[in-house]
Each structure stands twice: as C-alpha cells, then as structure tokens.
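First up is the structure itself, then whatever we jot down about it.
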Amino acid sequence: MSQLYYTTPSNGDWNKALPIGNGKLGAMIYGEGSNEHFQLNEDSVWFGKKRNRNNPDALANLDTIRRLILDGNIPEAERLCKYSLTGTPQSQHPYQTLGDVYFDYCGSLQETKKLKRVLNLDTAIHTSTATDINNVTCTVETFVSHNYNCIVSQFNVSEKGCLNLAASLQRGCFYEHTEHTNDTLYISGNLGGGGMDFCCGMRFLSDTQKIQGIGEHLIASDARTVTVLLTALTQYRSKNPRKEVEELLDRAALSGFEPLKQDHICEYQSYYNRMSLSLSYDKELDKLPTAERLARIDKEHPDNGLINTYMDYGRYLLISSSRGDCLPANLQGIWNKDYNPPWQSKYTININTEMNYWPSGICNLSDCQTPLFEHILKMLPNGQQTAREMYGCRGFTAHHNTDIWGDTAPQDIYIPATFWVMGAAWLCTHIWNHYLYTQDKNFLEKMYPPLKESVRFFLDFLIEVDGHYVTCPSVSPENTYIMEDGTRGCLTFGCTMDNEILNELFSHFERAADVLGDKDTAFIERTKKCREKLTPLRIGKHGQIMEWQKDYEEAEPGHRHISHLWALHPSHQITKDATPELCRAAETTLQRRLANGGGHTGWSRAWIMNMYARLWQGEELYNNLLQLFSHSTLPNLFDNHPPFQIDGNLGAISAIGEALLQSNEERTILLPALPSAWKDGEVTGLCGVGGIVYDLSWENRALKKAVLYARHNTTVTLQYKDSVENLTLIKGETVTLNNFN
C-alpha cells in the first residue's frame, strides 16, 4: 500500500494536514485526535466578478514605448509601461477558501494516547484512528466522491452508543445566512465584490435517531456511527446553489456510505492504476512515519520507498485537483486556506500553471489536462479583446496571470513580469503536445482556433530589428539585467524565452495545419517565414545560453526563473546529441544558477531536475531531488515555495518520469537519466508520443525488459544507450523486448 502515514496530530498546522479532492471539492484533514477539523475548498469560490481590465491608453503609447526600448532608454520605457500597459484595475481577484468544518466529540473521547493518520494513495481515502486513555477508539474515514460531488466522512467508535458528535460550518464573516433542518445545515451568501452567490451544505446520517440542528450546529447523540456528507456550489455552475446542494446531499444519502466508498475507489483507480513506480528499497523503512522518512533521507540515508510514495502522491494530487469538468489546478491545486492567499492562488502562466501539467502525458494522465484546455477556450475571446484594445493586433494573447473568468489583461505593477505577452502562446504549446500523446484529431480540431489565433497575434505584434522578428516590449520572467553603464532593467525586446516559445508555437501550428488540412496557405507560409527570422539561440561570454538580445550580466545570477533554458525543457529544441554545443551551454547556465543560490524555491528546483534529466545527468537530478526534500518539502509532502505551491510537486514527478523515459516526435529514449541510487526497479504505464505505453524493468542499472503497448497504429524510433531500433506497431499490439546491450 502506498500511503502517507503519521502518528502525531497536525496540532492546527495546515502544512501537516492532509489533502483530499475530486477536482471541484477539496479538503485538508487535520487529524487532531480528540476533535477534528476539515478546511474546505470548492474550485469556483472566487471573489468578485468578470471585468474588462484592458488599459485603454495602451495602444496610444505602444509605439513610444517601443522607440524608447530600441533607443536604450529603458528607465523611461518602464516608467511609461507602468502607467499605460498595466491593467485597469491592476490586479485580478483571488481564489478563496470555502471555509471550515469543526467537529467536537463532546466528551466521547478523552485524552488521546494513540493516534494514526493515513492517506492511502491507492484508494484516495484518509483514515484517522484515535484511541483515548479509556481505550475508546474513534476511526474516521474520509474521501471525496467525484461521481456524487460530495465529501464523505464516516465517524465510527469502538463502543456502541458512546459517540456524541457536534459539527459546525464556518466561513469567517463572509456569509450571510445559516439554516438547518433536523439533519442538514446550510450556510450561504455572496463571495464578495459583487460576485457570485454560494451555498455549502452538511448532512448527518447515523445509526441513532438523536440528530438535531441547533443554531449553527448539527448534533448526533448516543451513536456508534455518524456519516457526514458535505458539498458546495456557486453560481459559476448553478443558477440556484441552495437547491442543487440539497439535491446533491439527497442523492448521496440515498446511496449510503459503503456504496459511495466503493464507487469512489473504482472511479479514482481508473486514473491512478494506469501507472506505478517501484524502486527497490529497504522495506523496514515502511515502519517509519512519513515525516521521519522525509527528515532522514539524504545521500547517506537513501529511501527509494519514499521516492515511490512521492511519485504516487504527485499523481494523486494531479488527479485530485484536475479531472472531469472542474477548473484547472491553480497555484495550490485546489487546497487554499486563505481569503486573500499569496499571489491570490490564481493561474500564474509564466511557468507555474504549465508545470502543473508537465507530468500529465508521461504519467498516463493526459485526460487530466482537459480542464486546462477548456480554460484556454474560455480565455480566447478575452485574449482577442486584449490583443485588439491594447496592441491593435488581431489574434489571441494573454499575460502572466489568468483567473476563473479567463482574464488576459496584464497583472500587477511588477515590471519584471507584468509586460510579458507570451502567456497564451506557452499555454497553446500544450495543444500539439497533447495531440502527440493521444492522437485525438477531434481534440486537435477543437483546440485549433486558439492555436491559430495565438500565431495570428504574433504575426501582427512582432517587429523587425536587425533582420530578426522580435517581441517588443519583452521581459524574461522575472529577471533583471545590468547594462554596461550599470543601469538595471527588465524591459527589452526579443528575450530568448520569447523566441523559443514562438519557434515551438509556429512549428506546432504548421504541423497541426497539415494534420487538419487547413487551406489557408498564405497564412501558413507567412508563419514559416516568420519562424525562420526569429533570433536563434546564442552562447554568451560565460559559455552560457544568452537570456537577452545582448550579453548582459544578471542582477540575480541565482534567480529562480531559468527562462532561457525553455528550449531544453519543456521543449526539445536543445537535445543531448543533436545540439551538443547548446547542451554544454545549458549545463553551464545551470551550474552558474546553482552556484549562486538557484533552486531556492520548490518549483525552481523541480524545473532544474527536469533540465538535468534532459541532459542525461541522473546523478544531478537525484541530488536536486534530495535538495527538494530537505529544503522545499513540507511535513505533508507539499512543495514549499514558500509557501505551498503544487507546481513543485507536479514538476518533480515529471522529472522522475523523464529520468526513465523521454519521448518526442523523433525518438523515445529508455532510462536516459537513471541515477545510481535507483539500481533496481520497474515502472509500468509510462506513456510516450504516439500513445505508446511502456513497462520497463532494470537490474543493476541495466535495462532487462521493455514491454510496449500500442494504443494506435504508429511508428517509433526506440533508443537505449547506443542501441537504436525502429518499430512499427499496430493498434492493440503488445511488443516485448529483451536482451539489451
């Protein structure tokens, strides 16, 4: 069983509580022993409403800003951008906590003498077991049903009739109405800022008849078992949240706990069981609680079992925060305890949102990306409006943040990040990559409009400088350079990352146009010519990949963003054997970052791991994974920016997958970056381009067997070390390969 396991309560520490979720609903379970506390989330609980924040003065000042940049007057360009290119209002609204539910055992349990908290990753069920000084034991099983959109929790005591349970729903001061029946409690109100109404409902089911609502509480007396159902809706999905919450509770109540549990396990495992990682390890370590294993792991105290668990946990988090018709996983997935969280817990699309979905293809969870693609479609009309009103361009653009309404205007007044027009472009590179894994032509046709409209924007927006098409204004998120005269700047033209993204975007569009038979030949030809005139990758005076058009020094040489290595990862424009000189420069870039304190945030460390995987340096990948554990992982295994951000978790499991399999349109490489610490192991269900599923096993770091299953008719060039083999596979065919060199 893969699990997170603890023997101490969280003691009110959110970073020790454990997450459950179904995409729409989430909860952090504290596991306190003699009482209980769930912090609740619903993915559409956002303050405010949709607004047009496009700055009406942007277009009138754009040419002046460009002239100032090209003339080298960066301070004046940044000053004018601050006024004319920021959003109006400057910021989007925050994602918020739904609230909390507090459970009081009303003296049923005395002082706790033994506690065990377990999050079973195989079943997505949290179980806490508390035994008091009188040997009375209370077991609480909790999960979130996707099919019933309901949090389900059963409290069960060891002695009949001795459970007295009171529960209240709270949302600070941010609700207006409380009502109850004998077995159901509702809180409702408005989320603020003239935005949406919401309703949250809780129902008790029990083997006792003594259930009543009093004030803001539900109370069950003299019970052995109490099942608690919790759900919530906002006007984002429901015209009448109160009515539909009641209907959801009625439907779940009719089913009952055990059928709900079995239905939940079956639905969840249809995702989770697609893949597994099993690195050999000392099974005695399984006796240690998760926090102790996290505290001890290092080079001298290896624990591949914890790495197996971490991989399972990352897949669990992606499944639990992004499946079905929910919103995409945000900066915290779905788990946020605040009304105004750090960075508003939005979608930060200058890396963090994209990183959330890096493992989706390789971990056989491509359908977990569906909420992201639906969000891109939501962004499309807003981004067309932003392109037209702010830049006088056709097509579709977005900046470095978006929100529940698909906002595309600039966010904040933060010069290193705000004036970056590449958000939609980066998101749209996920479209072709998803098609490569799924071969779903209907999907490609559905997502073709935003892909083409993103290209259209840049065909209008780019300007020619010294024979190259460049973005202007441009920033390299979220970095600062130093000019020869000592002036510090962020704003410039044609940053390396922009060129890398555009090269990928244009290439993807050209291939998608070919697959779909787009007859707009003039547009396609213009795209090709534009791509050919992008600034190529260049190597600077330190032997590094240049980040800007000029070989500037960095104000923060250990900066968390490593945007100019986008071509190495997530793209495949830099590859170990096809572009060896650029690979050496990429390695130098990473070494310089790390030597100056880079990787100090969890997600940055995860990105570094992916880059070392692409450089086929398994030892460096492993060393950075250990650094991630020791410096950027919280007791509940959440990634720590700080504070918690889910992108570090999901980016890190992408890197673990990349150590075992790297797949693109040219080839698929087996075990390209296997660390020596992972001497023996096996992985099942990894997915590569063409929808091929791979099961791999190895001993003493040597590949022993590879089993390939073809979901489609396809061809693949398979590489292991110096061995290369071309295979043609038929849909449904399984091929087993042995005896590798």
If the threshold is 4.0 Å, N to carboxylate O, is there a salt bridge linking [X] and [Y]?
X      : Y      : result
Arg274 : Asp367 : yes
Lys243 : Glu247 : yes
Arg560 : Glu478 : yes
Asp100 : Lys337 : no
Arg242 : Glu246 : yes
Arg237 : Asp43  : yes
Arg203 : Asp250 : yes

So which atom in [X] and which in [Y] form the shortest heavy-atom distance, rounded to 0.1 Å?
X      : Y      : result
Leu260 : Ala252 : CD1-O, 3.6 Å
Cys687 : Gly361 : CB-O, 3.2 Å
Gly383 : Phe396 : CA-CD1, 3.6 Å
Ser322 : Pro371 : OG-CG, 3.5 Å
Asn382 : Asp407 : ND2-N, 4.1 Å
Ile151 : Ala27  : CD1-CB, 4.1 Å

>> Assess the residue pair Ser654 and Asn610 against the criterion (side-chain contact (heavy atoms from CB on, under 4.5 Å)); give the C-alpha distance rounded to whole Å, side-chain angles, the decisive distance to 0.1 Å, and a yes or no.
In response: CA-CA 7 Å; Ser654 167; Asn610 280 277; 2.9 Å; yes
Quick one: sort the [X] and [Y] rings into parallel, tilted or perpendicular, breaks at 30° and 60°.
X      : Y      : result
Tyr95  : Trp46  : tilted
His508 : Trp432 : tilted
His93  : Phe47  : perpendicular
Trp14  : Phe644 : tilted

> Which of these passes side-chain hydrogen bond (donor to acceptor under 3.5 Å, both in side chains) with Arg323: Gln369, Glu267, His146?
Replying inline: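 Going through Gln369, Glu267, His146 one by one, the side-chain hydrogen bond (donor to acceptor under 3.5 Å, both in side chains) with Arg323 is satisfied by Glu267 alone.
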Looking at [Y], is its backbone amide N or carbonyl O close enough to the side chain of [X] to form a donor-acceptor pair, meaning the two atoms are under 3.5 Å apart?
X      : Y      : result
His264 : Thr123 : yes
Asp312 : Leu121 : no
Glu42  : Gly26  : no
Gln439 : Leu436 : yes
Asn55  : Thr86  : yes
Tyr357 : Ala329 : yes
Ser145 : Cys150 : no
Arg171 : Thr97  : yes
Asn41  : Asn336 : yes
Glu36  : Gly31  : yes

Could you tell me the separation between the [atom1] atom of [X] and the [atom2] atom of [Y], rounded to the nearest 0.5 Å?
X      : Y      : atom1 : atom2 : value
Gln332 : Asp647 : CD    : CG    : 10.0 Å
Trp566 : Ser571 : CH2   : OG    : 5.0 Å
Tyr6   : Arg117 : OH    : CZ    : 7.0 Å
Thr386 : Asn54  : OG1   : CG    : 3.5 Å
Asp122 : Tyr316 : CG    : OH    : 11.5 Å
Met311 : Ile656 : CE    : CD1   : 5.5 Å

If we ignore angles and hydrogens, is there a donor and acceptor under 3.5 Å between the side chains of [X] and [Y]?
X      : Y      : value
Thr438 : Ser366 : no
Asn340 : Asp338 : no
Thr348 : Asn350 : no

> Within a reach of under 6.0 Å around CD of Glu445, are more than 12 heavy atoms found that belong to other residues, nucleotides or ligands?
Replying inline: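 No, because the 6.0 Å sphere around CD of Glu445 holds 12 heavy atoms or fewer from other groups.
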> Is the count of non-hydrogen atoms from other residues, nucleotides or ligands lying under 6.0 Å from Lys49 atom NZ greater than 12?
Replying inline: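 Check fails, neighbour count at 12 or below.
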Would you say that [X] contacts [Y] through its side chain, given a criterion of any heavy-atom pair below 4.5 Å between the two side chains?
X      : Y      : result
Leu377 : Met447 : yes
Leu650 : Met355 : no
Pro477 : Ile351 : no
Leu505 : Ser454 : yes
Asn22  : Asn147 : no
Ser188 : Asp197 : no
His399 : Thr418 : no
His180 : Thr178 : no

Taking the six-membered ring for Trp, are [X] and [Y] closer than 6.0 Å centroid to centroid?
X      : Y      : answer
Trp603 : His561 : yes
Phe143 : Tyr268 : no
Phe103 : Phe38  : yes

>> Given the ring of Tyr271, does Arg315 sit roughly above its face, with NZ or CZ under 6.0 Å from the centre of the six-membered ring and within 45° of the axis?
In response: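 Judged by the rule (NZ or CZ under 6.0 Å from the ring centre, within 45° of its axis), Arg315 is not positioned above Tyr271.
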>> Apply side-chain contact (heavy atoms from CB on, under 4.5 Å) to residues Trp358 and Glu658 and explain how you reach the verdict.
In response: CA-CA 10 Å; Trp358 286 352; Glu658 290 270 346; over 6 Å; no
> Between Glu374 and Lys446, does a salt bridge (Lys or Arg N to Asp or Glu O under 4.0 Å) hold up when you go through it step by step?
Replying inline: CA-CA 10 Å; Glu374 293 298 323; Lys446 178 180 179 179; 2.5 Å; yes
>> I'd like to know whether Gln344 forms a side-chain contact (heavy atoms from CB on, under 4.5 Å) with Gln92, so could you lay out the CA-CA distance, the side-chain angles of the two residues, the decisive distance to 0.1 Å, and finally the verdict.
In response: CA-CA 8 Å; Gln344 295 82 50; Gln92 298 163 8; over 6 Å; no
> Can you name the one residue among Asn308, Leu119, Thr309 that meets side chain to side chain contact (heavy atoms under 4.5 Å, CB included) with Ser2?
Replying inline: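 Per the side chain to side chain contact (heavy atoms under 4.5 Å, CB included) rule, the option paired with Ser2 is Thr309, out of Asn308, Leu119, Thr309.
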>> Go through it in stages, so that I can follow the logic: the residues are Leu327 and Ile404, the test is side-chain contact (heavy atoms from CB on, under 4.5 Å), and I'd like the CA-CA distance, side-chain angles, deciding distance and then a yes or no.
In response: CA-CA 8 Å; Leu327 290 163; Ile404 185 174; 3.8 Å; yes
